[in-house]
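All chains are named by letter (A, B, ...) in the order of the sequence lines, taking the proteins before the strands, and each is independently numbered beginning at 1.
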Amino acid sequence: MIRIGYPCINRTLKCRPDKTFRLSSFSKSLFIEKVENNLKCLLEILDFNFKNQIYFFRISSDTIPFASHPVNRIKWELIFKDILTEIGKKIKEYNIRVGMHPDQFVVLNSPDNEIVKRSIKELLYHLKLLESLDTKRDAKIQIHIGGAYGDKKSAIERFIKNYNKLPSSLKERLVIENDERLYTLKDCLYLSERLGIPIVADYFHYRLNNCGERFGEILRDVIKTWRPEDGPPIIDYSSQKGLTKLGRHTQRINLKNFAIFLEEIIKIDSDFDIMLEIKDKEVSAIIAINFLKRKGLWKDPVSI
DNA sequence: TCACGTCAAGCAGAT
DNA sequence: ATCTGCTTGACGTGA
């Protein structure tokens, strides 16, 4: 079974779930106003997703603004307990898988211990949000391995050392993703062997940065890093952005390219959750789902 | 109401 | 040295 998802915001709906503000204007009332907006919007998005058979969604890291910043000592998980519970119930009722992707400032393998500390605080925020929604360990927190600092070998060892210091509740949720410049899927597989961490294969990053292997071939090793409790393996699929120097981001999914990508993965006997990192988000997700239906590759998980 | 300077955080590669 | 991309614009002051 293949499910399709999209990240963070829905452009069809009027609401936005990632409203934030400047640090300089931080106040409890502004914070509460934004969080309330973001959580209500998340509810709307879940309704939209269910109606459109989108059973996979990435929750914005901006849902709780400045969640890991020292100025923020507000107990949001208590203040918003009711709506967080309501969101959690919808996620379960709709059978939607959620996850999060902390931004580039989370670097577990930095040589600067302060950066590592801040990164862990930020990861603990992501964990707290996913736990407050009563999700299980299939709701993943997806990170990159980090920098190389001119010495990739020791940077990898530093990742291992720091990862091993994390609480197990966090380790259960973390997954690593290959990036477009430094760490390939092969590097991720090495880390997974050492740590038992599952791997998100990013197809676009793979195309920019690989060791000459076929995607479908290395994917067979990648899916072995996922245990049943982790949920189906996640693949990130994105468009040409970054390849063209013109700043031309593909606005919409290109079904010809998507079909080539699907060819690679449908040969493998596994479920997949595919995150579409495409500019028009839910529109392309619906197009992709309709494409899967036409190809006979779609099963509605609710009707099974 | 709108223009526009700037926004918590890291890193690497291009310019 | 500075800018850019990364999941991607949008906050909010000042006119």
TODO: Please examine the side chains of A/H144 and A/E180, heavy atoms only from C-beta on, and report whether any two atoms are closer than 4.5 Å.
DONE: no

Task: Residue met sooner reading DNA chain C from 5', once A/K19 and A/P102 are mapped to nucleotides - done: A/P102

Open item on the list: How many whole angstroms separate atom CG of A/L108 from atom C1' of B/dG10?
Closed with: 13 Å

- [ ] From the options C/dT7, C/dT8, B/dA12, select the nucleotide whose nearest atom is closest to the side chain of A/C8.
- [x] C/dT7

Open item on the list: Tell me whether A/N209 contacts the main-chain N or O of A/H205 through its side chain, where contact means a donor paired with an acceptor under 3.5 Å.
Closed with: no

TODO: Answer yes if the ring centres of A/Y237 and A/F258 are under 6.0 angstrom apart, and no otherwise.
DONE: yes

TODO: Could you please name the partner base of C/dT7, counting Watson-Crick and G-U wobble pairs only when both distances are under 3.5 Å?
DONE: none

TODO: Identify whether any heavy atom of A/R11 sits under 4.0 Å from a base atom; if not, whether one sits that close to sugar-phosphate; answer base, sugar-phosphate or nothing.
DONE: sugar-phosphate

Open item on the list: Quick test of the criterion, 5.5 Å between centres and less than 30° between planes. Is A/F105 stacked on B/dA9 or not?
Closed with: yes

TODO: Would you classify A/Y149 as touching base, sugar-phosphate or nothing, given that sugar-phosphate means primed atoms plus P, OP1 and OP2, and contacts are heavy atoms under 4.0 Å?
DONE: sugar-phosphate

TODO: Please tell me which of the listed nucleotides, C/dG5, B/dG10, B/dA9, lies nearest to the side chain of A/Q104?
DONE: B/dG10

TODO: Have a look at A/T20 and say if it touches a base, only the backbone sugar-phosphate, or nothing, with a 4.0 Å heavy-atom cut-off.
DONE: sugar-phosphate

Task: Minimum-distance nucleotide (side-chain atoms of A/R118 versus C/dT7, C/dG12, B/dA9) - done: B/dA9

